[in-house]
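Here is the structure we will look at, set down as structure tokens.
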Amino acid sequence: MNLYRYASPSTFYPLAGRLAPWFFALAFILAVIGLYISFFVAPTDFQQGEGYRIIFIHVPAAWMSMFIYIVMAFWSAIGLAWNTRLSFIMARALAPTGAMFTFIALWTGAFWGKPMWGAWWVWDARLTSELILFFLYVGVMALQAAIDDPRRSDRAGALLNLVGVINVPIIYFSVKWWNTLHQGSSVSLTRAPSMAHIMLWGMLIMALAAWMYAIAVAFVRARSMLLERERQASWVRELPEGKA
Amino acid sequence: MLTANNLSCERGERLLFRNLNLELNEGEALLVRGANGHGKTSLLRILCGLSAPASGEVFWCGESIRAAKETYGKEMAYVAHSNGIKEELTPLENMVLSARLCGRGLDMETAESALAQLGLARCMDLPSRVLSFGQRRRVTLAGLLTAGALLWILDEPLTGLDVSGVAMVEQMIRDHVAAGGMIIATTHHALELGDLKPKTLTVGESA
Amino acid sequence: MKFLATVIQRDILLATRRRGDWLTAQFFFVLVVSMFPLGIGPDPAVLRMIGPGVIWVAALLATLLSMSRLYADDHRDGTLEQMMLSPYSNIVLALGKSIAHWIINGIPLLVIAPLLGIQFGLAGKVLWILMLSLAIGTPILSLLGSIGAALTLGLRGGGVLITLLILPLYVPVLIFGAGAVEGTLAGIGAEANLSLLGAFLVLSLLLAPWVSATALKISLE
């Protein structure tokens, strides 16, 4: 199998078009299963009551927010190294989804925090890192939006993305350090007492659903970006939607 | 000496030119022609190494200019639209500074005589901020004279110059080529170059 | 090496010709710090507690204020392109510009900071640690900021954009820098924070000029 073939926009475009609905369907099915487990199968937590169920959204969203940033950095690195246009487009297509998951993680974190900690926001190390990750996403998107020339915009965004990904562990470490220095909250999001297997399953399935959703959305977004950028190219003109 | 193979250049989504080849040897001049927005400046920026072409490569003495930055930086001088002059500094300071940044020493007498040659004897010690645009252009050209570069890449060198300034540039070009130098220039004016018959290249015809 | 020295000398010379701009950034630092007691109240215990953090945050902002012009002026008059075409490495150019920025804008912050610290009731050893933490931390600010300045070169609203891009990257500097001073206040000592800050400085020194040079190339194309 020649992988390079799939790096060509003219092959990627129809392939992504065919695959996107499947990923959407998978995302939907997995989300239904995951939500069923999290609301009806998983037992009520004896300490946290029903409110803990928000972690079935919160934890997968937090995982995704970090994964997507790393995946973006991966595409950025490939794009800068081999100057492949599709990699930049993939990195760009993922950014809004990543930012959305970061936002969801923060939002649900606040909802979880209110009953558990009695405050909407606590400067917990994880929440704070997540907030900074959100700023990093916004920075990359703002930079890309501010540059009109697509080539420069792609490459500048990719470079910033790479700088960010080197910094994320340092930021995370420093925030943890800061948190211990200031004797922050003693409750931690992940120190849920002996997580039941079924809870872990629920979270994993939800995370998979989020993955499928992210891939589907990235495909759709990448397709529309390709159409817009390559409208001069012959393969676009031969498409039924290119003839209009 | 300078060769370019299969250059193509894109700006935004527009293809400016494709499969452009050129070769230039010592004692030759090349005039780049083309209407506004057809890629003359883009071509010059590719040739001097500021931008990367969408495809193709530029070679200096058989070596890619990206690999030969050290030699190419010494032997090539680029005059852009902007003059590359700091307004806070005097013409003399500007010249000495750009020479040092290129790793050359420049003594005061050489700099002064170059400035005098371009008719700037009276404003050598004024801050460049008070000079007119044409005068600043002359400072840039004085820098070019002292740069000792073999290849000059000139983007609209005549902009802002008066009649005597234009004549001076024409003389500079003739002298440089006669001494075995190489020139690539764009200009909207017809140049009076006497016996010198430059090659010409038109960009963006197909667009 | 000679090129590096020339780049640094050049920027310092230009700064001496434009003292007004230079004073603005320093005055901004003083002004921002002085606003906090007015907003919070003059309780000495509270001021002593927030002092290190406030001075550090103001230092970040003041650095970014002057940073947006690091390459923009040279870009506008075409000297940046000429320097990029010089026979020397662009990495050295970016390093030189960052060092020059630190000498011009970072060192004055170190000198002013103890005076502001006194206003916040800091004294003695704490002031020394404040200066020391700024001495290690502000070069990092200049090095990382240079990346932002290069990326936002010639963009509309570049000044605000650079803040958005670079402030999150400054988080570790802020934490270790302010942490060192607070640690001294609390009697824990500052060594751990200062060593981490030093490690971050070494890392930035190795990577940031390279990234800045790449960013400049991307922006000028």
Side-chain angles (χ1 to χ4, degrees), chain B residues 9-12 41-42 44-54 65-66 68-90 93-105 127-129 133 136-137 139-140 143-144 147 149 151 153 155, chain C residues 1-24 69-97 99-100 104 150 153-155 210 213-221:
Chain B
C9 171
E10 285 168 11
R11 271 288 160 263
T41 297
S42 299
L44 294 197
R45 288 173 65 89
I46 288 172
L47 289 177
C48 70
L50 277 174
S51 334
I65 56 168
R66 275 183 296 167
K69 189 170 191 279
E70 208 168 310
T71 44
Y72 197 54
K74 284 204 170 83
E75 293 174 347
M76 185 274 303
Y78 173 54
V79 173
H81 277 284
S82 47
N83 285 322
I85 285 178
K86 290 311 283 187
E87 294 192 336
E88 296 88 344
L89 306 179
T90 68
E93 285 172 325
N94 264 304
M95 284 183 66
V96 172
L97 191 63
S98 15
R100 281 179 56 201
L101 284 171
C102 285
R104 288 179 281 113
S128 302
R129 153 169 31 92
F133 185 82
R136 289 184 211 178
R137 200 69 180 158
V139 177
T140 311
L144 183 64
L151 169 64
I153 297 184
D155 195 353
Chain C
M1 225 36 227
K2 237 176 101 183
F3 180 61
L4 185 70
T6 312
V7 172
I8 297 173
Q9 277 171 16
R10 166 187 184 275
D11 275 26
I12 293 174
L13 175 67
L14 288 172
T16 57
R17 299 279 163 94
R18 265 194 321 230
R19 270 178 233 119
D21 294 357
W22 175 75
L23 278 172
T24 314
R69 300 188 49 191
L70 181 63
Y71 297 109
D73 288 345
D74 292 342
H75 178 52
R76 202 174 310 114
D77 57 29
T79 43
L80 182 61
E81 288 181 354
Q82 294 295 338
M83 287 194 283
M84 299 270 293
L85 290 175
S86 81
Y88 304 99
S89 162
N90 293 335
I91 300 174
V92 179
L93 171 66
L95 178 64
K97 293 286 286 184
I99 294 177
I104 298 162
L153 198 58
L155 298 181
W210 180 78
T214 315
L216 278 177
K217 203 139 180 57
I218 290 172
S219 294
L220 281 181
E221 259 183 16

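Computed from a prediction, not measured in an experiment: that's the story for all the values here. Only this structure's heavy atoms are used, side chains among them; waters, hydrogens and symmetry mates stay out. Proteins come first, then strands; the chains are lettered A, B, ... in the order of their sequence lines, and each starts at number 1.
- Considering only residues two or more places apart in sequence or on other chains, Y88(C) meets the ring-ring contact (aromatic ring centres under 6.0 Å, His included) condition with F3(C).
- Between chain B and the options R10(C), M83(C), Q9(C), heavy-atom pairs under 4.5 Å are most frequent for R10(C).
- S86(C) and K69(B) get closest at one heavy-atom pair: O-NZ, 2.8 Å.
- Here the side chain of R45(B) pairs a donor or acceptor atom with the backbone of L220(C) at under 3.5 angstrom.
- Between M84(C) and N90(C), the shortest heavy-atom distance links the atoms O-OD1, 3.3 Å.
- Heavy-atom minimum distance, R104(B) versus S98(B): NH2-O, 4.4 Å.
- Of residues 11-21 of chain C, those residues lying under 4.5 Å from chain B by any heavy-atom pair are L13(C), L14(C), R17(C), R18(C).
- Atom-to-atom distance recorded for R129(B):CZ and R136(B):CZ is 9.5 Å, nearest 0.5 angstrom.
- In this structure, chain C has a heavy atom under 4.5 Å from the backbone of I85(B), while its side chain stays farther away.
- The two residues T140(B) and N83(B) come nearest to each other via the heavy atoms OG1-O, 3.1 Å.
- Between chain C and the residues P127(B), C48(B), A68(B), the most heavy-atom pairs under 4.5 angstrom are made by C48(B).
- Ranked by heavy-atom pairs shorter than 4.5 Å toward chain C, the options K74(B), E70(B), K86(B) are led by K86(B).
- Every residue two or more places apart in sequence or in another chain was checked for a ring-ring contact (aromatic ring centres under 6.0 Å, His included) with Y78(B), and none qualifies.
- Considering only residues two or more places apart in sequence or on other chains, L144(B) meets the side chain to side chain contact (heavy atoms under 4.5 Å, CB included) condition with A77(B), V79(B), L141(B), W152(B), L154(B), M172(B).
- Only the side chain of E93(B) comes within less than 4.5 Å of a heavy atom of chain C; its backbone N, CA, C and O stay farther away.
- In this structure, chain B has a heavy atom under 4.5 Å from the side chain of Q82(C), while its backbone stays farther away.
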